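Inspection log for the structure reproduced underneath, given as structure tokens.
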Amino acid sequence: MNTTPSKTTTPSTTTPPAGTTDPAEGSADAVTEEATAQDSLVKDPAPKDTTGTPSDAADSGTVSDDLAGQSDDDDDDDDALEPDPFDEARHGVGAGAAAVVSAALGVVALTGAWTGRVAAERETLIGQIQTSGGGSAAQQISEIYGDAWHTTALVNGVFAVLALLVGVFVLVRPAFGAPSERPQPTWVRAVALAGVALGVLGVLISAGMYFDLFVSLPTAGVPAGG
């Protein structure tokens, strides 16, 4: 019977040579590095190749602002080039009013005015006063009827001359003074021409009435002798 105590072996705890790596430590380091890499991937994902990056968004916002500014400038230029409707409405207002006045004066010269009627009645009254003390028939016709007729023709002639002058002024106004960028409206010239035509016609009729060219004054017949 062997009574010698059995020897027990102790695992070797020797330190590995320098320059070598413990497999356990290497695996632990590898696991640690892999976990770190995964954390970095989760926290800082790689940028996607899209057009929605913050820098691209900022660039697109700047470009849109520039385009908006250019469009505003273009709109301002278009507004400056396009005529203002209010300016168009104001253009030719004075000339149009003068043309209408010319035509109205021409109509008054042809139809007569209350001023001519009042003047004629005054001349009639004066003639009646002058012939109240006695006078021949020819004198009464001349003082009572002839003077009133001539006064009416004179007043109508004054209105006709005014219509003619105003219409001619409207027509020749663009040739004088500062040149205008826009021509005179057509309706203004048309109304002014109508005023000139009525003025000329009124002057001719008034002259014929004043000088008894159309009709002569009535004459008193010679009374039959007895």
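Bear in mind that the values here come from a model prediction, so they are computed numbers and not experimental data.
Applying the side-chain contact (heavy atoms from CB on, under 4.5 Å) test to Thr111 and every residue at least two apart in sequence or in another chain returns Val107. Among residues two or more places apart in sequence or in another chain, the side-chain contact (heavy atoms from CB on, under 4.5 Å) test is passed with Ala194 by none. Applying the side-chain contact (heavy atoms from CB on, under 4.5 Å) criterion to Val101, with sequence neighbours excluded, gives Leu105. Shown here are the side-chain contact (heavy atoms from CB on, under 4.5 Å) partners of Ser216, two or more places apart in sequence or in another chain: there are none. Shown here are the ring-ring contact (aromatic ring centres under 6.0 Å, His included) partners of Tyr210, two or more places apart in sequence or in another chain: His150.
Note that OG of Ser102 is 7.5 Å distant from CG of Leu164, once rounded to the nearest 0.5 Å. The distance from the CG atom of Asn156 to the OG1 atom of Thr115 is 7.5 Å, given to the nearest 0.5 Å. Here the straight-line distance linking atom CD1 of Ile205 with atom CG of Leu110 works out to 5.0 Å at 0.5 Å rounding. One distance of note links CG of Leu193 with CG of Leu171; it measures 5.0 Å at 0.5 Å rounding.
Using modelled atom types, one side-chain atom of Thr151 and one backbone atom of Asp147 make a donor-acceptor pair closer than 3.5 Å.
Within 6.0 Å of CZ in Phe214 there are more than 12 heavy atoms belonging to other residues, nucleotides or ligands.
Residue pairs meeting the side chain to side chain donor-acceptor pair (under 3.5 Å) criterion with at least one member in residues 121-134, sequence neighbours excluded, do not occur.
Closest heavy-atom contact between Gly199 and Ala163: CA-CB, 4.1 Å. Scanning all heavy atoms of the two residues, the minimum distance from Ala153 to Ser206 falls at O-CB, 3.4 Å. Nearest heavy-atom pair, Val170 versus Ala98, reported as atom, atom and distance to 0.1 Å: CG2-CB, 3.4 Å. The two residues Ala148 and Ala120 make their nearest non-hydrogen contact at CB-O, 3.3 Å. Scanning both residues, Ala99 and Val191, for their nearest heavy atoms gives O-CG1, 3.3 Å.
Put simply, Leu204 and Val168 are part of the same group of oily side chains (I, L, V, M, F, W, Y) that touch within less than 4.5 Å, one to the next. Following chains of ILVMFWY side-chain contacts shorter than 4.5 Å, one can reach Val215 starting from Met209, so the two form part of one hydrophobic cluster. Taken together through direct or relayed side-chain contacts under 4.5 Å among Ile, Leu, Val, Met, Phe, Trp and Tyr, Val172 and Val200 form part of one hydrophobic cluster. Tracing side-chain contacts under 4.5 Å through hydrophobic residues (I, L, V, M, F, W, Y), one reaches Val158 starting from Val108; they form part of the same cluster. A continuous path of Ile, Leu, Val, Met, Phe, Trp and Tyr side chains, each step under 4.5 Å between heavy atoms, connects Val196 with Phe176, placing both in one hydrophobic cluster.
When hydrophobic residues (I, L, V, M, F, W, Y) are linked wherever their side-chain heavy atoms come within less than 4.5 Å, the members clustered with Leu165 are Val161, Val203. Grouped by direct or indirect side-chain proximity (heavy atoms under 4.5 Å, Ile/Leu/Val/Met/Phe/Trp/Tyr only), Ile126 sits alone.
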